[in-house]
There are 2 protein chains.
Amino acid sequence: MTNHVTRAGGTSDSRLTQPAYDIDPDDIPDIVIRRLPIYVRTLKGLVESGSRSVSSEELASLIGVTAAQIRRDLSYFGKFGKQGKGYDIEHLSGAIEQILKLDRQWPMVLLGMGRLGHAIASYRGFSRSSFTIAGLFDADPAKVGEKVNDLVIRPMSEVADAMREEGIRVGIIATPRVQAQEAADLLVKGGAEAILNYAPVILRVPEHVTVREIDPVSALQSMTYYIDRD
Amino acid sequence: MTNHVTRAGGTSDSRLTQPAYDIDPDDIPDIVIRRLPIYVRTLKGLVESGSRSVSSEELASLIGVTAAQIRRDLSYFGKFGKQGKGYDIEHLSGAIEQILKLDRQWPMVLLGMGRLGHAIASYRGFSRSSFTIAGLFDADPAKVGEKVNDLVIRPMSEVADAMREEGIRVGIIATPRVQAQEAADLLVKGGAEAILNYAPVILRVPEHVTVREIDPVSALQSMTYYIDRD
DNA sequence: TAGATTGTTAATCGATTAACAATC
DNA sequence: TAGATTGTTAATCGATTAACAATC
């Protein structure tokens, strides 16, 4: 789930909102990291609505968590608020984006260009959110060469080389289930450190690679448990 | 997250693998419920591969969890294995499917027929997994009447009535962000007890309604935190 | 029977919450 | 200044793991 990064030498600028000592990503619970995107999203919504600052209490009620949790989560990374005032929305939003490394655009490769792959390739939500699909790949020679949104589908065998050449370290798997592990292996070979997996399989990857599953079927299958009458 | 079901009167058939006393769904951690679909999926894979029984140890290594966790999870629901032997794969799989109420087909309504909605409507994975899309709805009159896979898109205003008439209690939201809460309200009005939400918003729903989020952007945004070099 | 593996309890680990001193 | 709200610590809650008696 996590890797073993240690950030290099702390700076001595005491005005930084980041704590002066180094943060080891391994010291911060992954569950906290997974909440940060929701904080950013909600803060950006507040910016749109014209607000300038929020208290942890207000933010918490918007998100549906406790104020204590928000304050504790943020305290892992530094001090971002003002007692009596709350948080400056733009500042906090920017700070979390920096923590998550969302202050840049991440190119991604997409593996598997069936129905699902096509839908993902055409999805507009990624680019607004620091991500760009930069390469499409499929194992089926019949699909290779097809053009999808200005990108040409390339042969699966070229993934690893393409990733290294283009400095891509994020991959999306949208292959059929049985080819997903193979796809993951290729991504790892290409130097992937983050994999978004739409295939219904648990992938085996080295410890330094993070994987997140997108699994609507499992989500549905767990909800029916709670449904009352038949 | 959970509701307040109590199953009616326990049976006296002592051969049942289900415990004779009643299980209150609220007594079982949601995190356990969310793992059950993965157990089923993995067991079905084992059936395909021709195996007849598995130990908790083997199953655990396939899934990437501990054997203790699997045994403890299952113990919430009854006794499914044989000491010295392990679990009969078909039997365990069937038992968990019954617990999750996957021993039937669940009709669903899909709200929002933009790009994403179309992709979801065309997805084949649901029907193999106890779910059927039975109704398509959109707020845009221009889309109403359009035929997608044998289903005609109906006006959003008809959702609640359609759900009640057809006895549908599962809904999928694929509307734009700003219309998602409105869509959720309509689903609740129609008697929904389970909502799969693809829109990037936290939905407000009554306590007896379960919601699960499908949020690939947040998943990506939390993974970049762990990426090493820039 | 001996060996293997379950089901379950108690110990451990980790995350959430409550409380409050610090401080804007 | 008084009031509000943060940042942080300690207490609580909940989930995971280890260990092992029960038993196939």
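As the structure is a prediction and not an experimental result, all values here were calculated from the model. The figures that follow rest on heavy atoms only: side chains count, while hydrogens, waters and symmetry mates do not. Chain letters run A, B, ... following the sequence lines, proteins first, then strands; residues in each count from 1.
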Ignoring backbone atoms, establish whether Tyr76(A) has a side-chain N or O less than 4.0 Å from OP1 or OP2 of dA15(C).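 No, because none of the side-chain N or O atoms of Tyr76(A) sits under 4.0 Å from OP1 or OP2 of dA15(C).
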Would you please confirm or rule out a distance under 4.0 Å between OP1 or OP2 of dG7(D) and any side-chain N or O of Tyr87(A)?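 Tyr87(A) to dG7(D) OP1/OP2: side-chain N or O found under 4.0 Å.
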How about Ser130(A) and Gln105(A): does a side-chain donor come under 3.5 Å of a side-chain acceptor?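 Gln105(A) and Ser130(A) do not have a side-chain donor-acceptor pair below 3.5 Å.
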Secondary structure of DNA chain D in dot-bracket form (Watson-Crick or G-U wobble, distances below 3.5 Å, | marking inter-strand pairs): ..||||||||||||||||||||||
Which atom names give the shortest non-hydrogen contact between [X] and [Y], and what distance separates them?
X         : Y         : value
Met223(A) : Leu196(B) : CE-N, 3.9 Å
Arg164(B) : Lys189(B) : NH2-O, 2.6 Å
Gln181(B) : Leu203(B) : OE1-CA, 3.5 Å
Ser129(B) : Gly125(B) : OG-O, 2.8 Å
Ile120(A) : Ala174(A) : CD1-CB, 3.9 Å

Whole angstrom value for the distance that separates [atom2] of [N] from [atom1] of [X]:
X        : N       : atom1 : atom2 : value
Ile70(B) : dT5(C)  : CD1   : P     : 14 Å
Phe77(B) : dT8(C)  : CZ    : P     : 13 Å
Arg34(A) : dG14(C) : CZ    : P     : 15 Å
Lys79(B) : dT23(D) : NZ    : P     : 7 Å
Phe80(B) : dT23(D) : CZ    : C1'   : 18 Å
Leu92(A) : dT6(D)  : CG    : P     : 11 Å
Lys85(B) : dT6(C)  : NZ    : P     : 12 Å
Lys82(B) : dT23(D) : NZ    : P     : 14 Å

Tyr87(B) and Leu74(B), any side-chain heavy atoms less than 4.5 Å apart: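 Side chain of Leu74(B) against side chain of Tyr87(B), heavy atoms only: contact under 4.5 Å found.
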Electrostatic pair Arg34(A)-Asp30(A), nearest N-O below 4.0 angstrom: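 Here Arg34(A) pairs with Asp30(A) in a salt bridge, since their nearest N and O are under 4.0 Å apart.
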Going by an N to O cut-off under 4.0 Å, is there a salt bridge joining Arg177(B) and Glu48(A)?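 Yes.
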Residues 35-44 of chain B side chain polar contacts: donor-acceptor under 3.5 Å, at least two apart:
{"from": "Arg35(B)", "atom 1": "NE", "to": "Asp73(B)", "atom 2": "OD2", "distance (Å)": "2.7"}
{"from": "Arg35(B)", "atom 1": "NH2", "to": "Asp73(B)", "atom 2": "OD1", "distance (Å)": "3.0"}
{"from": "Arg35(B)", "atom 1": "NH2", "to": "Asp73(B)", "atom 2": "OD2", "distance (Å)": "3.3"}
{"from": "Tyr39(B)", "atom 1": "OH", "to": "Asp73(B)", "atom 2": "OD2", "distance (Å)": "2.6"}
{"from": "Arg41(B)", "atom 1": "NE", "to": "Pro200(A)", "atom 2": "O", "distance (Å)": "3.1"}
{"from": "Arg41(B)", "atom 1": "NH1", "to": "Asp215(A)", "atom 2": "OD2", "distance (Å)": "2.9"}
{"from": "Thr42(B)", "atom 1": "OG1", "to": "Ile38(B)", "atom 2": "O", "distance (Å)": "2.7"}
{"from": "Lys44(B)", "atom 1": "NZ", "to": "Glu97(B)", "atom 2": "OE2", "distance (Å)": "2.7"}

Want to settle it: does Gly86(B) or Gln69(A) sit nearer the 5' end of DNA chain C, counting the closest nucleotide to each?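 The residue whose closest nucleotide sits nearer the 5' end is Gly86(B).
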Let me spell it out: for each of Gly81(A) and Asp73(A), pick the nucleotide of DNA chain C with the closest heavy atom. Which residue's pick is nearer the 5' end?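 Result of the comparison: Asp73(A).
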Protein-nucleotides 19-21 of chain D N/O pairs under 3.5 Å:
{"from": "dA19(D)", "atom 1": "N6", "to": "Arg71(B)", "atom 2": "NH2", "distance (Å)": "3.2"}

Would you list the protein and nucleotides 9-13 of chain C atom pairs, both N or O, that sit under 3.5 Å from each other?
none

I'd like to check the side-chain hydrogen bond (donor to acceptor under 3.5 Å, both in side chains) partners of Thr224(B); sequence neighbours left out, ordered by chain and number.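 side-chain hydrogen bond (donor to acceptor under 3.5 Å, both in side chains) list for Thr224(B), sorted by chain: empty.
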Under 4.0 Å, heavy atom to any atom of DNA chain D: which of residues 51-62 of chain A qualify?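 Hits under 4.0 Å, by residue number: Ser55(A), Ser56(A).
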Any sub-3.5 Å donor-acceptor pair from Ser93(B)'s side-chain atoms to Glu90(B)'s backbone N or O?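 Side chain of Ser93(B) to backbone of Glu90(B), a donor-acceptor pair under 3.5 Å: no, none is there.
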With side chain to side chain contact (heavy atoms under 4.5 Å, CB included) as the criterion, how do Val205(B) and Ile195(B) come out once you've worked through the C-alpha distance, each side chain's angles and the decisive distance to 0.1 Å? CA-CA 10 Å; Val205(B) 298; Ile195(B) 297 176; 4.2 Å; yes
For His91(A) and Phe80(A), take the angle between the two ring planes, folded into 0 to 90°, and tell me which bin it lands in: parallel under 30, tilted 30 to 60, perpendicular over 60.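 Ring orientation of His91(A) relative to Phe80(A): tilted.
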